[in-house]
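In what follows, a single structure is set out as C-alpha cells and then discussed.
By convention in this document, chain letters (A, B, ...) are assigned in the order of the sequence lines, proteins followed by strands, and residues within each chain are numbered from 1.
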2 protein chains.
Amino acid sequence: MSDETERRLTIDDVAKVAGVSRSTVSLVLRNSGLVAERTKIAVREAAERLGYVYNRTAAIRARHSYLVGIIIPDLTNPFYSELTAGVDQVLNDSGWISLLGNSWESSASQEKILRRMHEQNVDAVIICPVTAADQSAAENLARSGLRVLQVLRRTEADTSYLGIDYAHGVALAVDHLSELGHTDIVLLGGERVYSAATERYEGYISSMRSHGLEPRHVPCALRRSAAAEKVRELFDKEERRPTALVCFNDVVAIGAMASLERMGLKVGRDVSVVGFDNVADAEFVQPPLTTIDTHARQLGERAATLVLDSIRNGSPMSATTIMETSLVVRDSTGKAPLRS
Amino acid sequence: MSDETERRLTIDDVAKVAGVSRSTVSLVLRNSGLVAERTKIAVREAAERLGYVYNRTAAIRARHSYLVGIIIPDLTNPFYSELTAGVDQVLNDSGWISLLGNSWESSASQEKILRRMHEQNVDAVIICPVTAADQSAAENLARSGLRVLQVLRRTEADTSYLGIDYAHGVALAVDHLSELGHTDIVLLGGERVYSAATERYEGYISSMRSHGLEPRHVPCALRRSAAAEKVRELFDKEERRPTALVCFNDVVAIGAMASLERMGLKVGRDVSVVGFDNVADAEFVQPPLTTIDTHARQLGERAATLVLDSIRNGSPMSATTIMETSLVVRDSTGKAPLRS
DNA sequence: CTGAAAGCGCTTACAG
DNA sequence: CTGAAAGCGCTTACAG
C-alpha cells in the first residue's frame, strides 16, 4: 500500500481521500459539533483506512498540549510510585498523558526537568519539590507562568498546594502508643528542614506534650539502610532505650524493624514500631506494620483532578487542599513492656 | 516588567532585542557551530534577560521531539518503578524526557497510551507489553513506524527486544535449593502465558529434571495477597507439603513468606523461599530474602541507552539483547529439613 | 557567518 | 455546515 518513504500522513491526505477540505478534517478530528454526521463518518473512515495518526505536535495553535508533568524526588520509594500511578491513571482516563521527572532530591535536576517540561508546553505540572529547594528555584516555579500544583511539600513558591495533615497523622501514632502505655516514644527520621518534616515534628512534639511525655527526636536519612543503622546505634547502649518508635515513613520503619529483629528484639512486644504511609508491603512484613495511611493513590488522583479541572475550565486551583490520614493497627505495636 | 497579558515570548522577541534575525536565534538556541561566538553570547544574554523559554512544541520541523515513551504494566510493582527510574535517569541526562504510561495489564489502555504517544510524536517507545496482548496490538506496534523496544516480555510484534535470561535465573534458584538438599521444590506464580512466564517455567522444568527432581507448578496471580492465599492452601493439607518455593518474583515471595509465618512455619528452616528481582525490600523483610537479582535499574538504563543511540544515529537497534541474572543468598533459604 | 523566504502540519477566524 | 486564507512559532534550505 504505502511506499518505503516513511512520510507520515497528514490531515491533507485524509482530506483528499475523504473529499473534503483540510479545515473540515481538523474539525472532525477534534469532534466538533459543527460538522454534519455524514461528513464525520466519511472523514473518520478515510483516516482509519489510511492509518492516519494525528500529529498533536503540529497543533501549536491548539489550546492544550495534553501533557501534564509530574515531578517527584524518588520514584523508587513505594509511596511515590503509588502517588504517580494515581496521577497517571486520572490523566490517562481524561485523554492527557504524564511527563515524568524523577529529581532524586537534586534541585539542579529538578530545575532541568522543570524547564524541559515548560519547553514541551505542559498544561500543568504536579511537583513534590526537592527539600533543598533554594529560593530562586521556588521563585522560578511561581513566576514561570506554568500552572503548578505543589504536593506534599510546601516551599516558598506561591502556588497551589495539595498536602497531608502530617501533624495530625503523627498525633494519631503517638496517641495509639500512649494508650498502650508507652512513655519513651522516639520520633525516627527526617534530617532536613522542609514542610513535611517540620509538620511531623511539630505534631510529634505537641502530642507528646499533651500526654505529658518527653519528646526525643532521632534524625536519620529516609533509607532503609540508614534507619537500620540509626536504630542499631540507638539500642546499642543499655540505657535510655525507647520502647516505641514513630517512624517518618514506612521505608524507615521497615529498615528499623529489620535492625531490631537482628538484635534479637521482638517487634510488637519488646519494641513497638509505627510507620507512616501504609505502603503495599506494610501489611506483609513481619510483623505486619502498624502505620498511618496517607492514601498515596487517592492523593495522586486528587492532584490530577485538581489540575485537570483547572486546565479545562481555565480557572485557578484552590490555594490549599489538605487530606486526612488514618491509623491502621497491625502487629508491630503492642502493650508497653514492664519497666525492668 | 511584563504586562498582564501572559503572551509567551517568541524567538522573534529575542531576535529583536539581540538585534539579529530569527534564523540566527534559532541556530544559537540549538547551539549550531555556524554562529560567531559574539553573536551567540548576545543572543543568549537577550534570551536570559527576557526570560525566554524555548517552545519545542513549535519546532515541528525539528528532527527529534525529545520525548520517549515508557509503558509498563504496573508502576506499583517495585521492580517496574526501579526500571522506570533507570530509564528516566538516562533520558534526562541526555536531554530527553519520559512520557509515562501505566497500562495496568489492560491491552485496551495500552493501545490508548501507545496511540497518544504516537500523536505526541515520541522519538521511541520502551514497552513492557501487557500479557494479554492480542495479535492486532502486536501488529500495530510493529507497523506503526514508531521506534519500539520491547522489554522483559516478547510478543509477536517484530521489534527489538531487551530481556532477561529468566530460564537461567530460575535454574540458579533450583540449583541453590538442590545443593541445600531440597527435593520438593515448587514453582509459585505465573498464571498467564507470555514469554517471561514460559521462560521461567521452562527453566524450572529443565533444571528440576537435570537434578532428577519432579517439578510442580502452582500458578498464582502476581500480587502479595494472592500469593499469601495460594500458600495457605498449599500448606493447609499435611501431605505433599513442599520444603522449598521458587517464586515468580519478590512480590510473590513476600506474600508467601507472610503466609508461612502466620501458619507458624519458620522460613529458612521449615520452608525455604527464593524470590526473583531483588527488590529494595528483599534485604529488609524477615528473614532477609534469598533472590535472583534481575538488576532492574541497570536494565532500565540499558533500555534507554539502546533507544537513544538509535535515535541519535538514526540506526536500527540490535534485535535482541539478553541480560544475565545473579543469585543473592540471604536467610530465607536453608538446609532441607529432615523427612518426618 | 547572517538574513529573507518558504515551509512544517496543524488551528482559527471569516465568508458564504 | 464547509472551504480558502492566514496564522502559530519554530526550522530549513538558500543566497550572499
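- Taking atom CZ of A:R22 as the reference point, atom P of C:dC8 lies 10 Å away to the nearest angstrom.
- For the pair B:R56 and B:Y66, the cation-pi criterion (under 6.0 Å, within 45° of the ring axis) is fulfilled.
- For the pair B:I41 CD1 and C:dC1 P, the computed distance is 14 Å after rounding to whole Å.
- Between the side chains of B:S26 and B:R30, at least one donor N or O lies within less than 3.5 Å of an accepting N or O.
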Dot-bracket encoding of pairs in DNA chain D, which uses [ ] for pseudoknotted crossings and | for another strand, Watson-Crick or G-U under 3.5 angstrom: |||.||||||||.|||
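- Remark: B:Y52 is not in phosphate contact with D:dG9, judged by side-chain N or O atoms under 4.0 Å from OP1 or OP2.
- Under the 3.5 Å distance criterion, with hydrogens and angles disregarded, a donor-acceptor pair is assigned to the side chains of A:S310 and A:R147.
- OP1 or OP2 of D:dT11 sits under 4.0 Å from a side-chain N or O of B:Y54.
- Out of D:dT12, C:dT12, C:dT2, the shortest distance to the side chain of A:S26 is found at C:dT12.
- Neither side chain, A:D309 nor A:N313, offers a donor N or O lying under 3.5 Å from an acceptor on the other.
- Whole-Å rounding puts the B:R56 CZ to D:dC8 C1' distance at 18 Å.
- When rounded to the nearest whole Å, the span between CG of B:D13 and C1' of D:dG9 equals 11 Å.
- The phosphate of C:dT2 (OP1 or OP2) has a side-chain N or O of B:T39 nearer than 4.0 angstrom.
- Applying the 4.0 Å criterion to OP1 and OP2 of C:dT12, one finds that A:R30 has a side-chain N or O inside that range.
- Between B:A58 and B:L27, the residue anchored nearer the 5' end of DNA chain D, judged by the nucleotide with its closest heavy atom, is B:A58.
- Taking side-chain N and O atoms only, B:T10 has no distance below 4.0 Å to OP1 or OP2 of D:dG9.
- For A:I60, taking side-chain heavy atoms from C-beta onward, the closest of the listed nucleotides D:dG3, D:dG9, C:dC10 is D:dG9.
- Distance, A:I11 CD1 to D:dG7 P: 19 Å, rounded to whole Å.
- When the nearest nucleotides of DNA chain C are assigned to B:E37 and A:N55 by heavy-atom distance, the more 5′-ward of the two goes with B:E37.
- For B:T24 and C:dG3, the shortest distance from a side-chain N or O to OP1 or OP2 is below 4.0 Å.
- Among C:dG9, D:dG3, D:dC1, the nucleotide with an atom closest to any side-chain atom of A:A36 is D:dC1.
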Any protein N or O atoms within reach of nucleotides 13-16 of chain C? Criterion: under 3.5 Å, listing atom names and distances.
none

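- In this entry the distance linking NZ of A:K16 with P of D:dT2 reads 20 Å, nearest Å.
- A:Q120 is not listed as a side-chain neighbour of B:Q120, based on a closest heavy-atom distance of 4.5 Å or more.
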